[in-house]
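In what follows, a structure is listed as structure tokens, so that the remarks can point back to it.
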Amino acid sequence: MKLAVFMPELLRHLFKKPATVDYPFKKLEVPKDFRGTPFLRPELCIVCKACERDCPAEAIEITTVDEAAKRFRLVIHNDRCVHCAQCVESCPTSPKAMDIDSLFEIAAFDRHDLKKDWVYVRAVMKPKPVPKPAPGPPEPEKA
Amino acid sequence: MKFQVPIGPQHPALKEPISLRMTFEGEVITDADIRLGYNHRGIEKLAEQKTWIQNIYLTERICGICSHSHTSCYVQGVEKLMELEPPRRGLYLRYLVAELERVHSHLLWLGVAGHEAGFDSFFMYTWRDREVVMDLLETISGNRVHYAINTIGGVRRDIDEQQKAKILEGVVTLRERSEYYFRIGASEPSFVGRLAGVGKLPKERAIALCAVGPTTRASGVGIDVRKEDPYAVYDELDFEVPVSDSCDVLGRVVVRVKELLESYKMIEQMIRKLPDGPVAVKAPRRAKPNEVVSRYEAPRGENIHYIKSAGGDKPERLKVRAPTLGNYPATVEMLKNGFIADIPLIFAAIDPCICCAERTVTLVSARTGEETVVTMSDLRRRAKARDSQASLKRNAVWPF
Amino acid sequence: MAVLRTLLYLVVYPGLVFLFVYSTFAEWFDRKVYARLQNRMGPTHTGRSGLLQPIADFVKLLCKEDVVPEAADKTLFNLLPIFGLAVVATAGLLLPVWNFSLAASSPASFAGDIIVVLYLLSLPTLILFLAAWSSTNLFSTIGGARVLTMLFGYEVPLFLAVLSPAILANSWRLAEIAAFYQRRPVLILANLLGFVIAVIAVQAKLERTPFDIPHAETEIVGGTLTEYSGKKLALFRLMADVEMVVASGLLAAVFLGGFPGGALLGFVYFVVKTLFVIFLLSLLRAMTSRIRVDQVVSMAWRYLAPLAVLQLLIVILLKGFLS
């Protein structure tokens with residue numbers, strides 16, 4: 001029966017720095033592509049409503065403000081959002097109108113402070129530029 | 001002197017509410033009764049009202065520790081329904097995350113077993129090493145828990161060379177630490193004294209009670225869905241299924257640590273063999289009418305999802321059989337003839353994920369104390385009948 | 001003048017004020033060492049590097065609601081925390097720290113006071129059992145039964161181990177034992193086995209891992225102290241801290257050569273030696289896991305008691321050899 005097998009490891013730790021991150025006094029580093037809070041770039045949005053359809057938490061709400069002037073209102077209910085980034089995936093524009101940033105310290109005292117909304121005019125989807133035909137072999141010069 | 005003690009629903013030993021009613025004589029348990037239902041959330045009903053894509057995130061939230069196993073099991077089934085063939089690279093990435101999740105879950109369990117036994121230093125060390133895996137998963141998928149990396153037809157993100165190198169580095173560190181824990185767990189006398197001979201489940205009883213996962217692998221029954229019914233990439237990987245013959249909690253610790261070492265092997269193989277190509281194929285919105293059963297080896301055992309489609313964009317029925325539900329009858333067997341001091345250890349040894357297993361509802365009449373187990377269809381009938389008789393609530397304000 | 005000195009002795013040093021303040025410092029030291037052994041930080045932000053954390057915990061408990069269960073025995077339930085604190089504080093007064101003269105005996109230091117200290121230190125076990133019994137809670141009853149079962153295990157080795165240096169020093173008076181080992185420090189090594197046994201037995205008396213089965217959090221909720229809350233719980237926790245200081249003071253006085261040199265130097269010696277013993281107790285706490293109550297009793301009688309008898313034998317032979 002071996003006694004005190006754990007002791008050398010324990011004593012070694014007395015001289016090591018603790019593994020705790022002293023949050024919130026020291027900030028946490030999040031990696032690139034961290035799924036934080038979703039946000040909209042209204043100048044790119046074509047109001048296809050794919051994000052509203054695919055959101056599992058019903059956190060995106062798109063309403064028409066003015067049908068004739070093509071003004072729409074998009075509300076992101078951050079209190080319902082589960083940060084899955086499916087809205088970003090479903091957004092068909094490129095560059096993407098719906099994107100996600102790295103903010104995770106979004107706590108508020110009132111649920112309604114977490115909702116963000118944008119009122120904007122629907123963007124027109126620019127036609128993709130037709131690629132010019134690649135220059136072929138030079139035609140034989142007419143002598 | 002017989003007396004009945006309730007462990008739970010509120011108890012420091014339990015992470016989730018469950019009621020274990022034990023009958024004691026002195027310090028020996030003579031009978032145990034498990035009651036579920038404190039954590040029921042109506043997930044199966046909710047799944048019928050969400051589309052195929054939305055359900056990925058719903059099934060993920062059945063559990064926090066084995067979240068990827070639920071979503072992978074679901075997505076496997078839906079891909080079968082929609083007759084999709086995800087690309088090889090997508091499959092490799094999906095099961096790479098699955099093995100990383102197995103590592104994280106087993107390290108968590110080692111810590112919890114140490115804490116239940118009173119060995120807090122072990123708990124702190126294993127959870128510190130688990131941070132390595134959590135950080136790796138965060139770089140791959142964007143979140144430490146609920147990775148949400150699956151989509152129907154493959155995975156959503158790709159990994160680059162730098163992430164691959166980091167994963168291999170992390171695995172080297174973790175392998176060294178896991179081997180150290182193996183040595184400690186096997187030789188610290190107070191720890192072994194608590195675990196050896198506790199919670200015995202003989203081999204025939206394990207088979208008869210349909211136990212799954214490391215619980216039954218520690219009783220000598222070497223079943224593992226990855227070996228018997230290899231899905232996706234597991235028939236191309238070289239690994240073994242660890243089995244122990246000691247039938248007690250110490251055997252379960254040994255099996256889980258060996259599974260950790262096997263997972264490291266598998267992760268390294270997957271990284272080296274990662275094929276090139278796209279990571280997902282486009283999935284249709286609707287699925288043809290059909291039904292499918294999908295099996296998956298979660299860290300706790302065999303996870304079964306049954307999905308039925310009626311041809312629409314929402315499933316008609318989703319049934320989840322989580323591994324912990326299969327282990328409950330075996331737990332009752334193990335608790336009999338144990339000591340009080342062993343209850344948390346025996347219960348923790350099956351790696352309970354109580355919120356995974358909330359599937360039955362027992363109606364107890366408050367007046368007479370009589371209990372009835374009710375099926376889902378019966379509950380649905382009663383709810384519809386009451387709904388049709390209740391008056392319409394006008395101006396009901398949804399709290400949105 | 002003598003009255004003033006006695007009053008100072010009783011109230012300030014090593015009396016109530018000193019014991020309370022020093023026991024909070026000892027708890028901070030224990031928590032910090034335990035945390036550092038586990039690669040964590042321990043108390044950090046209350047006060048300078050967490051020194052005020054135990055006092056903050058004490059004040060917080062004092063401000064909480066005090067619930068007395070209906071079926072409990074009210075008189076016993078309410079008085080027991082105060083008894084417990086009184087008992088361990090009295091035991092603290094008998095440590096040979098200051099205000100004693102070796103020639104004459106005084107109420108703070110007299111022949112046989114080592115037995116009185118040991119007896120006073122075994123009273124908290126009985127008080128915890130009565131606390132559990134008067135709570136009439138199922139978990140408390142199980143905890144109380146475990147407390148008494150453990151008492152059968154560790155009392156005998158503790159007594160044998162602590163009395164061996166007394167036998168070698170030929171006296172039953174703490175001050176004289178300490179003075180004997182100050183004169184001949186080499187003989188401290190003769191009692192090393194007894195020191196190890198005494199540290200393990202004191203860990204059992206203080207109900208810390210590996211012997212914290214009576215209030216095992218993950219098994220029986222709170223054990224003996226399940227029903228206590230608010231001021232009474234604060235006093236019980238303070239009793240546990242003061243008991244730790246007094247027990248380590250006893251071990252330092254008997255095994256490590258006491259606290260020579262009058263008031264100021266004796267104070268420094270007291271702090272250093274008791275912190276050393278508390279460090280050993282924290283190391284033992286971090287190193288092991290909890291063992292079952294039947295394993296405690298069997299381990300105590302199979303290993304600790306025979307080793308304590310062996311220590312006694314060594315001391316008797318050495319005594320015969322020296323004379």
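Just so it is clear: chains get the letters A, B, ... in the order the sequence lines come, proteins before strands, and each one is counted from 1.
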Look at atom [atom1] of [X] and say whether more than 12 heavy atoms of other residues, nucleotides or ligands are closer to it than 6.0 Å.
X: A/K49; atom1: NZ; value: yes
X: A/K17; atom1: NZ; value: no
X: A/E43; atom1: CD; value: yes
X: A/E105; atom1: CD; value: yes

Honestly, the part of A/L10 sitting under 4.5 Å from a heavy atom of chain B is both
Bottom line for A/E89: the part with an atom under 4.5 Å from chain B's heavy atoms is side chain
When rounded to the nearest 0.5 Å, the distance separating CG of A/D33 from OG1 of B/T139 is 9.5 Å
OG (B/S141) and CZ (A/R35) are apart, to the nearest 0.5 Å, by 5.5 Å
Salt-bridge criterion met for B/R285 and A/D54 (N-O under 4.0 Å): yes
Checking heavy-atom separations under 4.5 Å from chain A, one finds in residues 150-167 of chain B B/R156, B/R157
Note: B/A148 and A/C84 closest approach over all heavy atoms is CB-O, 4.5 Å
Practice item. Mind running side chain to side chain contact (heavy atoms under 4.5 Å, CB included) on A/R53 and B/T51 for me, showing each step along the way? Key: CA-CA 9 Å; A/R53 193 178 42 200; B/T51 61; 5.8 Å; no
In the structure I gave you, are the side-chain heavy atoms of A/E58 and B/K50 within less than 4.5 Å of one another anywhere? yes
Worksheet item: Any side-chain heavy atom of A/V82 sitting closer than 4.5 Å to one from B/R61?
Response: yes
Note to self: Could you check whether any side-chain N or O of B/Q54 sits under 3.5 Å from a backbone N or O of A/C55, counting only pairs where one atom can act as donor and the other as acceptor?
What the structure shows: yes
Closer than 3.5 angstrom, by distance alone: can the side chain of B/R128 be matched with the main-chain N or O of A/T20 as a donor-acceptor pair? no
Okay, B/L58 and chain A: the region with an atom under 4.5 Å from a heavy atom over there is neither
Quick note, ring-ring contact (aromatic ring centres under 6.0 Å, His included) partners involving residues 120-139 of chain B, not counting sequence neighbours, are A/F6-B/Y125, A/H13-B/Y125, B/H115-B/F123, B/F119-B/F122, B/F122-B/Y181, B/F122-B/F191, B/F123-B/W127
